[in-house]
Amino acid sequence: MNGEPAPPTSPFVAPPRRRSLLWAGLLAIVAAITFLVTALLVTIFEHRQEARTPFVRLVEVDETTTDTEPWGMNWPLQFDSYRRTVDDDETEHGGSSALPPSKLEKDPWLKRLYAGYAFSLDYREARGHAYMLGDQEATERVTKRPQSGACLHCHAAIAPTYRRLGLEAAGKPSNPASLGSEFNWPAVMSGFEVVAAMDYPTAHAELLKTPDGSLASRRSQESSVTANVEENSDVDAHQGGAAHPVGCVDCHDPQTMQVRVTRPGFVRGIAALAESDADVPHLPSVQRWRAGDRRRPYDPNVDASRQEMRSFVCGQCHVEYYCGSKETLFFPWSNGLQVEQIEATYADHKFPDGTPFYDFEHGETGAHVLKAQHPEFELWSQGIHARSGVSCADCHMPYERQGAMKVSSHWVRSPLHNINRACQSCHNVPEAELRGRVDLIQSRTREQLDRAASAMTDMLDAIKAAKAASATGEIPADLEKLQRQAMWRLDFISSENSMGFHADQEAMRILGESIDYSRQAQNLALRLVFEAAEPNARSSE
């Protein structure tokens, strides 16, 4: 105002109170970041420790622990999912169900396919593994018809019973300590032969004589030993247990938890397959064994890769095999895994008494025919997944994340109930598209299956007419062979539990052959009827 210059403008200086608030905020941000980083580091450390110690062995399990509960105390994550096999879980073309419907009511032609055989009495959808023993004991196939003890080869945790009977046959100790110390393949194989000669009730009773490793049986055993140690040092020799369906000990070594094969039928079957010239590109360990010196038989527990074992443990039971009373259970793989290769094995096979092999005499025609079991392993072997190195467990027991660990789910079920983990880990397409692909394959297979069933019933009608027109009431060998070939192929796909998905083109090929053989048999039978009627027509002229 008086001509004096204005004072220079100084930089903004926050008031002391505002500076304090800024510093406090900055410290809070630093503290929060420090806390988060520390928490992250602690979590990483904990997860690393968790990964290094995937389980804590709280309870000792050994080769007799057929009860899964003690295993569950050591491996709770796997056990929790295994227990879910009791849950209802159903897809359109099969799965688990609380009260599975009768297949015989859904498809009446099955009664004609199995006429004269126990499956014509009772045949239902399969349920989860938890039901595999109880359902077998309840089926009318067992309660109304005599069955072989060999049936327990796959439905029960039976390896310790095989071992006990094998040791007893050799005059060796069979107390719990001896039974639990090692797997002992020679004793298991010997006991396997013994059980195969038993009827079902006798074999089941032997299960109950074998220790099951349950917590209750351990307490009972300890109290018995304590009370009688002075009087009888072998008091625990036959401390029995309960009968259990297939569980942890059937697929895992109790000491190392390594996946393993425990079924004698599979061990012999896969060794016979290795000895054959059959093409098995999906089994590289077999090809390596063939290229070696072959000084010992192929042994899946020694020669197979871990990925192969993730299919072999399933292939112990989800296969075709003979389990009747005429001889020891066997897998017919000495010519290969394809339907016609198995058929050729059966055609060349004779029972120990020298008679030709067959499963049963057909109730309508008298033909000696075959009965397929559940050949999932064989059909899978012909499919794209097997050729791509995908195991059974990859789809039916996919990995899931549990904390720091990657755990294989033991809730064995259809991949359609878990498409995210079972399918989309490889197939980067929407779930709806994957489900649509499966539905298309299975619906087409079902349509072809119905056509094959219709051809089969037409064939049976024609053969019955030919028998009635025959002077001897018998059918010629070439007609019986055609019936056998047609029914074997229809049964092979009908009894396999993927409705063609495991190998869709192979399933359609097999069903096409079934239709062809049925129509050939039908034409031959009708020609026989015509030829039988022609002389009568001439004589009446």
Side-chain angles (χ1 to χ4, degrees), residues 47 77-101 103 106 125-131 259 282 306-308 310-311 313-315 318 374-450 493-508 511:
H47 281 186
L77 299 178
Q78 291 85 347
F79 182 61
D80 285 347
S81 60
Y82 168 82
R83 290 193 297 179
R84 297 200 68 182
T85 59
V86 303
D87 290 352
D88 299 344
D89 200 358
E90 192 171 278
T91 65
E92 182 179 353
H93 295 288
S96 300
S97 172
L99 290 172
K103 289 186 176 182
K106 179 183 178 183
E125 286 284 359
R127 295 205 279 179
H129 284 180
Y131 295 104
V259 177
H282 64 300
R306 184 175 183 277
Q307 184 67 359
E308 287 174 310
R310 283 166 55 81
S311 291
V313 291
C314 305
H318 290 267
H374 23 65
E376 285 85 55
F377 182 81
E378 289 88 347
L379 191 63
W380 164 83
S381 294
Q382 311 308 314
I384 185 63
H385 287 95
R387 301 302 173 95
S388 301
V390 178
S391 73
C392 304
D394 287 327
C395 302
H396 294 276
M397 301 174 63
Y399 286 113
E400 57 187 12
R401 180 66 63 181
Q402 296 283 354
M405 294 183 292
K406 186 176 72 170
V407 178
S408 180
S409 172
H410 284 60
W411 186 7
V412 185
R413 55 178 178 159
S414 167
L416 291 177
H417 294 294
N418 196 9
I419 289 177
N420 180 24
R421 292 192 178 96
C423 308
Q424 289 181 312
S425 58
C426 295
H427 300 283
N428 188 24
V429 295
E431 180 174 322
E433 180 179 341
L434 291 171
R435 188 179 299 276
R437 292 181 188 178
V438 177
D439 288 344
L440 183 62
I441 290 171
Q442 293 187 324
S443 62
R444 286 178 174 175
T445 304
R446 179 70 219 198
E447 291 169 0
Q448 188 78 334
L449 185 72
D450 289 339
I493 300 303
S494 174
S495 297
E496 201 273 338
N497 282 301
S498 75
M499 191 52 69
F501 181 76
H502 284 149
D504 54 332
Q505 294 186 48
E506 178 72 355
M508 295 296 276
L511 290 173

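Hydrogens, waters and symmetry mates are skipped; everything else that's a heavy atom, side chains included, is used.
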What pairs with Glu308 under salt bridge (Lys or Arg N to Asp or Glu O under 4.0 Å), at least two apart in sequence or on another chain?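 Partners of Glu308 under the salt bridge (Lys or Arg N to Asp or Glu O under 4.0 Å) test: none.
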If you compare all heavy atoms of [X] against all heavy atoms of [Y], which two are closest, and at what distance to 0.1 Å?
X: Trp411; Y: Thr85; value: CD1-N, 3.9 Å
X: Arg401; Y: Lys406; value: NH1-N, 3.7 Å
X: Leu434; Y: Cys423; value: CD1-CB, 3.8 Å
X: Ser381; Y: Ala386; value: CA-CB, 4.0 Å

Roughly how far, to the nearest 0.5 Å, is [atom2] of [Y] from [atom1] of [X]?
X: Phe501; Y: Cys395; atom1: CZ; atom2: SG; result: 7.0 Å
X: Trp380; Y: Glu496; atom1: CH2; atom2: CD; result: 12.5 Å
X: Ile493; Y: His502; atom1: CD1; atom2: NE2; result: 11.5 Å
X: Arg446; Y: Leu511; atom1: CZ; atom2: CG; result: 10.5 Å
X: Met508; Y: Gln448; atom1: CE; atom2: CD; result: 4.0 Å
X: Arg413; Y: Asn418; atom1: CZ; atom2: CG; result: 5.0 Å

Atom CD of residue position Glu431 - does it have more than 12 heavy atoms of other residues, nucleotides or ligands inside 6.0 Å? yes
Tell me if the CZ atom of Arg437 is crowded by more than 12 foreign heavy atoms within 6.0 Å.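 Yes - once you tally the heavy atoms of other residues, nucleotides and ligands closer than 6.0 Å, there are more than 12.
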Decide yes or no on side chain to side chain contact (heavy atoms under 4.5 Å, CB included) for Met499 and Leu449, but give the supporting numbers first. CA-CA 9 Å; Met499 191 52 69; Leu449 185 72; 4.2 Å; yes
If only atom types and distance count, is the side chain of [X] paired as donor or acceptor with the main-chain N or O of [Y] below 3.5 Å?
X: Ser311; Y: Cys392; answer: yes
X: Ser81; Y: Ser409; answer: no
X: Gln442; Y: Ser498; answer: yes

Side chain to side chain contact (heavy atoms under 4.5 Å, CB included) for Tyr399 and Val407? Distances and angles first, verdict last. CA-CA 5 Å; Tyr399 286 113; Val407 178; 6.0 Å; no
With side chain to side chain donor-acceptor pair (under 3.5 Å) as the rule and sequence neighbours excluded, what pairs involving residues 386-398 come up?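 Listed once each, the pairs are Gln307-Asp394, Arg310-Asp394, Ser391-Asp394.
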Is any NZ, NE, NH1 or NH2 atom of the basic residue among Asp80 and Arg84 found under 4.0 Å from an Asp or Glu carboxylate oxygen of the other?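 No.
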